[in-house]
Number of protein chains: 2
Amino acid sequence: MLRIAKLTDYATVVLATLAERPGAHASATELATLARLEPTTVSKVLKTLAQAGLVESRRGAAGGYRLGRAPEAISVADVIVAMEGPIGLTECQLHVGLCHHEGHCGIRGNWQKIGVAIETALQSVSLADLVPGRRRPTAIPSVTLPAEVPGAER
Amino acid sequence: MLRIAKLTDYATVVLATLAERPGAHASATELATLARLEPTTVSKVLKTLAQAGLVESRRGAAGGYRLGRAPEAISVADVIVAMEGPIGLTECQLHVGLCHHEGHCGIRGNWQKIGVAIETALQSVSLADLVPGRRRPTAIPSVTLPAEVPGAER
DNA sequence: TCAATCAGGACCCGAATGGTACCATTTGGC
DNA sequence: GCCAAATGGTACCATTCGGGTCCTGATTGA
Ligand code: FES
Ligand code: FES
């Protein structure tokens with residue numbers, strides 16, 4: 001399916017909600033009602049996001065969460081990486097030596113390039129672009145697949 | 001993870017193997033030994049690919065599979081769609097009316113745009129680009145996020 | 001006729017995901 | 001000083017999904 005996890009989707013919704021109230025801290029339950037999600041789930045998502053530094057947390061009474069950086073500085077790629085770990089289409093793309101066919105499979109390098117292209121595309125979309133009302137036309141800049149084939153033999 | 005399924009990865013490997021022997025039909029077991037994969041798995045993959053028209057099959061003795069089109073005409077997006085169904089980052093991106101938050105969530109449209117951008121990137125990489133020995137520098141053309149916000153208010 | 005080969009399922013098992021609950025820790029207010 | 005509010009962290013369970021195998025039937029060439 002090439003899908004992101006549901007929790008990642010929730011994360012974007014919660015972050016978008018947070019982006020609409022800059023500055024002040026908002027509690028997890030408060031955000032949950034605003035986003036109409038389960039409080040427990042929102043809490044879980046926020047914990048993960050806090051570990052990644054995308055949101056800042058304050059504990060204790062009157063605590064809560066707020067964005068760790070400006071909405072423009074948080075990309076969709078950041079959210080995905082925070083929630084699901086490094087972006088990689090295939091398993092063997094991330095670590096070398098795990099795949100049985102590395103020796104005779106010339107595809108690996110290409111998967112890596114494709115992954116980089118997608119990641120670049122995701123990085124150029126920021127939270128500010130997702131927040132309704134603050135929309136502005138966004139153009140993903142020319143995503144070029146780095147053709148580092150040395151001698152382009154054929 | 002934003003990963004593709006393993007079977008999809010296998011599909012690209014098998015297709016790449018097929019691309020190296022144009023014309024003649026190759027049996028599933030034959031392809032399995034070439035790609036060093038489980039014959040049963042390769043068979044399963046090929047069946048799926050045949051349904052999508054990416055490979056042509058011939059039954060009976062001396063039967064087998066061959067590419068349905070030229071390697072240049074088969075994109076990575078085609079393979080993913082054939083193996084995993086329509087590309088969509090989120091669930092609510094594919095069908096309208098399933099998500100509870102559609103009413104007040106302005107994110108959905110943006111996810112769709114991001115999905116289109118990724119799909120475009122995947123479509124511009126063909127099988128021919130993946131086959132080792134036939135490599136040629138590939139540039140994913142300027143993937144532009146269609147900013148169809150009517151009045152770009154801000 | 002027979003053997004090879006694809007077609008189309010059914011089936012099973014393990015892993016991952018979504019979701020929930022519990023308890024410790026911190027912090028502000030009374 | 002104490003309590004309520006709120007996060008931090010972990011552990012847990014049910015369900016789903018993906019990977020993988022196997023079986024039976026249909027087709028085709030020798
Ligand atoms: S499939 Fe893993 S290296 Fe090619
Ligand atoms: S999360 Fe489903 S429409 Fe926004």
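Letters A, B, ... mirror the listed sequences (proteins, then strands); counts begin at 1.
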Figure out the [atom1]/[atom2] separation between [X] and [N], and round it to whole Å.
X: B:Glu30; N: C:dA4; atom1: CD; atom2: P; answer: 15 Å
X: B:Leu49; N: C:dG8; atom1: CG; atom2: P; answer: 13 Å
X: A:His25; N: D:dG8; atom1: NE2; atom2: P; answer: 11 Å
X: B:Arg58; N: C:dC6; atom1: CZ; atom2: P; answer: 11 Å
X: A:Leu31; N: D:dA6; atom1: CG; atom2: P; answer: 12 Å
X: A:Tyr65; N: C:dT27; atom1: OH; atom2: P; answer: 14 Å
X: A:Leu37; N: C:dT20; atom1: CG; atom2: P; answer: 11 Å
X: A:Leu7; N: C:dA16; atom1: CG; atom2: P; answer: 15 Å

* Look at A:Tyr10 and C:dG19 and indicate whether a side-chain polar atom (N or O) is within less than 4.0 Å of OP1 or OP2. =>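 Affirmative; the distance criterion is met.
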* Could you tell me whether the phosphate oxygens of D:dG20, OP1 or OP2, come under 4.0 Å of any side-chain nitrogen or oxygen in B:Thr40? =>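 Checking D:dG20 against B:Thr40, no side-chain N or O comes under 4.0 Å of OP1 or OP2.
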* Asked: Of A:Val45, A:Thr17, A:Val13, which meets side-chain contact (heavy atoms from CB on, under 4.5 Å) against A:Leu31?
  ->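 When side-chain contact (heavy atoms from CB on, under 4.5 Å) is applied between A:Leu31 and each of A:Val45, A:Thr17, A:Val13, only A:Thr17 qualifies.
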* Run through A:Val14, A:Leu49, A:Leu46, A:Leu54 and flag the one making a side-chain contact (heavy atoms from CB on, under 4.5 Å) with A:Tyr65. =>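 Considering A:Val14, A:Leu49, A:Leu46, A:Leu54, a side-chain contact (heavy atoms from CB on, under 4.5 Å) with A:Tyr65 is found only for A:Leu46.
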What's the closest nucleotide to the side chain of [X] if the choices are [options]?
X: A:Thr41; options: C:dT20, D:dG9, D:dA6; result: C:dT20
X: B:Ser27; options: D:dT21, C:dT5, D:dG8; result: C:dT5
X: B:Ser57; options: D:dG18, D:dT7, C:dA7; result: C:dA7
X: A:Ala5; options: C:dA7, C:dG18, D:dG8; result: C:dG18
X: A:Ala61; options: C:dG18, C:dA7, C:dT27; result: C:dT27
X: A:Glu38; options: D:dG20, C:dT20, C:dA7; result: C:dT20
X: A:Lys6; options: C:dA7, C:dG18, D:dG9; result: C:dG18

* To do: With rounding to the nearest 0.5 Å, note down the distance linking CD1 in B:Ile80 to CD in B:Gln123.
  =>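 Output value for this atom pair is 10.5 Å.
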* Asked: Atom CD1 of A:Ile118 and atom CD of B:Glu119: how far apart are they, to the nearest 0.5 Å?
  ->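 CD of B:Glu119 is found 10.5 Å from CD1 of A:Ile118.
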* With no angle test and no hydrogens, is the base of D:dG20 tied to the side chain of B:Lys44 by a donor-acceptor pair under 3.5 Å? ->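 Donor-acceptor pair under 3.5 Å: yes.
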* To do: Test for a donor-acceptor pair under 3.5 Å between the base of D:dA26 and the side chain of B:Arg59, counting only N and O atoms.
  =>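 By the distance-only test, yes, there is a pair.
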* Asked: With side chains defined as the heavy atoms from C-beta onward, is the minimum distance between B:Val79 and B:Leu127 less than 4.5 Å?
  ->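 Result no, sub-4.5 Å side-chain heavy-atom pair not found.
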* With DNA chain D as reference, determine whether B:Lys47 or A:Leu46 sits nearer its 5' end, using the nearest nucleotide of each. =>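 Of the two residues, A:Leu46 wins.
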